[in-house]
Amino acid sequence: HTDVFVCEDGNDAKVTEDGRLVSNIRSYKIGRTLDNVVFNGTGSTPVMVPEAMAFNNICIGRPGRAQKKYIKFFHKNFEHYRDADNIADVAILRSFPSMAYNSFTTHQSTILFEQVLIQAKIPFDIIFDDNLKDLSKYSVLVLANQESLSDGNLDLIRNFVKQGSGLVATESSSLYNEWRRRRPNFGLKDLFNVEKPDASKSRPVKNQFGSGRVVYIPAIISSIKRPSTAPMRNRYWKLPLNWKELVESVKWAAGKELSIEVNAPLTIAVELTEQKNKLMVHLVNFDLIRNPSVTNIEISLKIKNGKKVNQITALSPDDENAQSLKYNIRNGRALFKVPRLKAYELVVIKLD
């Protein structure tokens, strides 16, 4: 067991000229799942400390002198970070045999689907095989071309859906067992309502299974062609051509509204965390250099039954004064606007 791991993958937080959002969010989410702190150099771009504040587990890494205001803000407001758990509607699986036995299509599909979840601002966790034993935290499980799944894991997934949750699966998910021996058909064909992979089918197939919902997607269509010998580095992280279809599939599979809905550009990422009687919305503007200020960000936030909103406050290292935000409550959700986001905004929702 480890408590800390070092991130040296070179994915310095930014938006590239061709519109790719590059981040360390995956590493930070893996750290949360493994109950680890991720240590990372965070001085290379002006967004790296805000990214760590939002997504890492109470660690802002090794910032440079230019990030001094973020360090002061983090220490001053540490009460909102300490012992906070993230809220995730979606779990995306990185099955060990799937990712180990096929280093091309499984990695591409998984990373691109994660990119969609990041940029569409859908709260999610990255999980592993052992985490399938308890999926009670999630509304939807995503299998992005997770080919090699054991019979035991298929049973766990099947029970998860049967009890009322959602599944979104793509391409060859469940077509092989844990030793990558091909099955005669999908191991989850009863959920997919599809016999075998068929590239000629372009539209998602939706199905009800038990009390749950299932979407099978024949392909994640990459925006950038990747050579078969090239690793899935961030130069290929552009949103897939059918990214809106993936988002719609996740929302349909959930069967209900997600915990948070944010109306903001694709270059803004969101993390939702909670403490007792408090919710925190973290907003990060990855396109800070080209778009240094984003205004009037609309947020719709689910409030748990039995809780009432007491106050909503916006805090930012770019503004010394906390700002009280007006809000409305409608159908169990708090509706409010963040007037302006520069690099990072922390919205604290106090509950009674």
Side-chain angles (χ1 to χ4, degrees), residues 9 11 21 23-34 36 38 55 85-100 102-149 153-154 156-158 160-161 165-174 188 191-192 204 212-217 219-222 232 234 236-237 239-240 242-255 258-260 269-272:
D9 55 14
N11 295 319
L21 190 155
S23 76
N24 293 288
I25 291 173
R26 293 171 181 80
S27 295
Y28 294 146
K29 287 189 173 291
I30 288 170
R32 272 196 181 272
T33 297
L34 300 177
N36 274 208
V38 181
F55 294 98
D85 296 319
N86 75 312
I87 294 174
D89 297 308
V90 177
I92 182 164
L93 178 66
R94 289 191 175 196
S95 164
F96 175 78
S98 296
M99 304 295 280
N102 181 348
S103 61
F104 187 77
T105 57
T106 55
H107 286 246
Q108 177 168 298
S109 296
T110 300
I111 289 172
L112 288 180
F113 210 126
E114 290 165 354
Q115 191 72 16
V116 171
L117 296 174
I118 290 168
Q119 295 196 243
K121 291 164 271 294
I122 296 175
F124 76 100
D125 284 343
I126 293 172
I127 66 166
F128 305 98
D129 297 273
D130 283 350
N131 302 116
L132 291 173
K133 296 172 184 175
D134 182 8
L135 296 171
S136 57
K137 176 181 178 180
Y138 310 107
S139 299
V140 178
L141 173 66
V142 172
L143 306 176
N145 204 18
Q146 294 298 291
E147 303 176 330
S148 302
L149 301 171
N153 282 348
L154 296 185
L156 293 171
I157 294 168
R158 193 174 280 109
F160 172 70
V161 178
S165 300
L167 175 68
V168 178
T170 78
E171 296 143 307
S172 296
S173 291
S174 81
L188 295 172
L191 279 70
F192 297 170
R213 295 180 168 200
V214 180
V215 185
Y216 172 76
I217 300 171
I220 296 176
I221 307 171
S222 177
M232 189 59 189
N234 66 51
Y236 304 108
W237 288 8
L239 282 171
N242 58 336
W243 71 268
K244 291 182 180 178
E245 195 171 73
L246 305 187
V247 171
E248 192 278 331
S249 296
V250 168
K251 291 183 176 181
W252 184 86
L258 301 178
S259 296
I260 188 169
V270 175
E271 182 76 324
L272 178 60

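- Atom CZ of Phe128 is surrounded by more than 12 heavy atoms from other residues, nucleotides or ligands within 6.0 Å.
- For residues 122-140, the salt bridge (Lys or Arg N to Asp or Glu O under 4.0 Å) pairs, not counting sequence neighbours, are Asp125-Lys137.
- By the side-chain hydrogen bond (donor to acceptor under 3.5 Å, both in side chains) test, Ser109 is found to be paired with Glu171, residues two or more places apart in sequence or in another chain being considered.
- Contacts classified as salt bridge (Lys or Arg N to Asp or Glu O under 4.0 Å) and involving residues 140-149 (residues at least two apart or in different chains) are given here: Glu147-Arg180.
- Heavy atoms only, all atoms of each residue included: Ser98 and Ser148 are closest at OG-N, 2.8 Å.
- Rounding to the nearest 0.5 angstrom, the gap separating the CD1 atom in Ile126 from the CZ atom in Arg94 is 4.5 Å.
- Leu149 has its side chain within reach of Ser95: a pair of non-hydrogen atoms, C-beta onward, lies under 4.5 Å apart.
- Scanning for ring-ring contact (aromatic ring centres under 6.0 Å, His included) contacts around Phe192 gives Phe186, Tyr216, with sequence neighbours left out.
- Every side chain to side chain contact (heavy atoms under 4.5 Å, CB included) that Pro204 has, sequence neighbours left out, goes to Val215, Ile217, Glu245, Ser249.
- Applying the side chain to side chain contact (heavy atoms under 4.5 Å, CB included) criterion to Lys244, with sequence neighbours excluded, gives no partner residue.
- What you find for Gln115 and Trp237 is that their closest heavy atoms are CG-O, 3.3 Å.
- Pairing each heavy atom of Ala219 with each of Asn242, the nearest pair is O-ND2, 2.9 Å.
- Of all the heavy atoms in Leu141 and Ile157, the pair that sits closest is CD2-CG1, 3.8 Å.
- Of all heavy-atom pairs between Leu112 and Pro240, the closest is O-CD, 4.1 Å.
- Distance check: Leu258 CG to Ser139 OG gives 7.5 Å after rounding to the nearest 0.5 Å.
- Side-chain atoms of Ile118 and Phe124, non-hydrogen and from C-beta on, do get closer than 4.5 Å to each other.
- Remark: Arg26 engages Glu114 in a salt bridge (Lys or Arg N to Asp or Glu O under 4.0 Å) (not counting sequence neighbours).
- In this view, Lys251 and Glu261 satisfy the salt bridge (Lys or Arg N to Asp or Glu O under 4.0 Å) rule, not counting sequence neighbours.
- For the pairing with Leu93, the side-chain contact (heavy atoms from CB on, under 4.5 Å) check across Leu135, Leu132, Val142, Asn153 returns one residue only, Leu132.
- Every residue meeting the side-chain hydrogen bond (donor to acceptor under 3.5 Å, both in side chains) condition with Thr105, not counting sequence neighbours, appears here in chain and number order: Asn102, Asn145.
- Under the side-chain hydrogen bond (donor to acceptor under 3.5 Å, both in side chains) criterion, Thr110 pairs with Gln146, sequence neighbours left out.
- Annotation: the span from Ser173 atom OG to Leu188 atom CG amounts to 8.0 Å, rounded to 0.5 Å.
- Expressed to the nearest 0.5 Å, how far CD of Gln119 lies from OG of Ser23 amounts to 8.5 Å.
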Quick one, Phe113 with Val168, criterion side-chain contact (heavy atoms from CB on, under 4.5 Å). Give me CA distance, side-chain angles, the key distance, then yes/no. CA-CA 11 Å; Phe113 210 126; Val168 178; 4.0 Å; yes
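- In this structure, Asp85 CG and Leu272 CG are separated by 11.0 Å, a value rounded to the nearest 0.5 Å.
- Interatomic distance, OG of Ser165 versus CG of Asp89, reported as 11.0 Å (0.5 Å rounding).
- Partners of Gln108 according to the side-chain hydrogen bond (donor to acceptor under 3.5 Å, both in side chains) rule, which considers only residues two or more places apart in sequence or in another chain, are Arg226.
- Taking all atoms of both residues into account, the shortest heavy-atom contact from Ala253 to Val140 is C-CG2, 4.0 Å.
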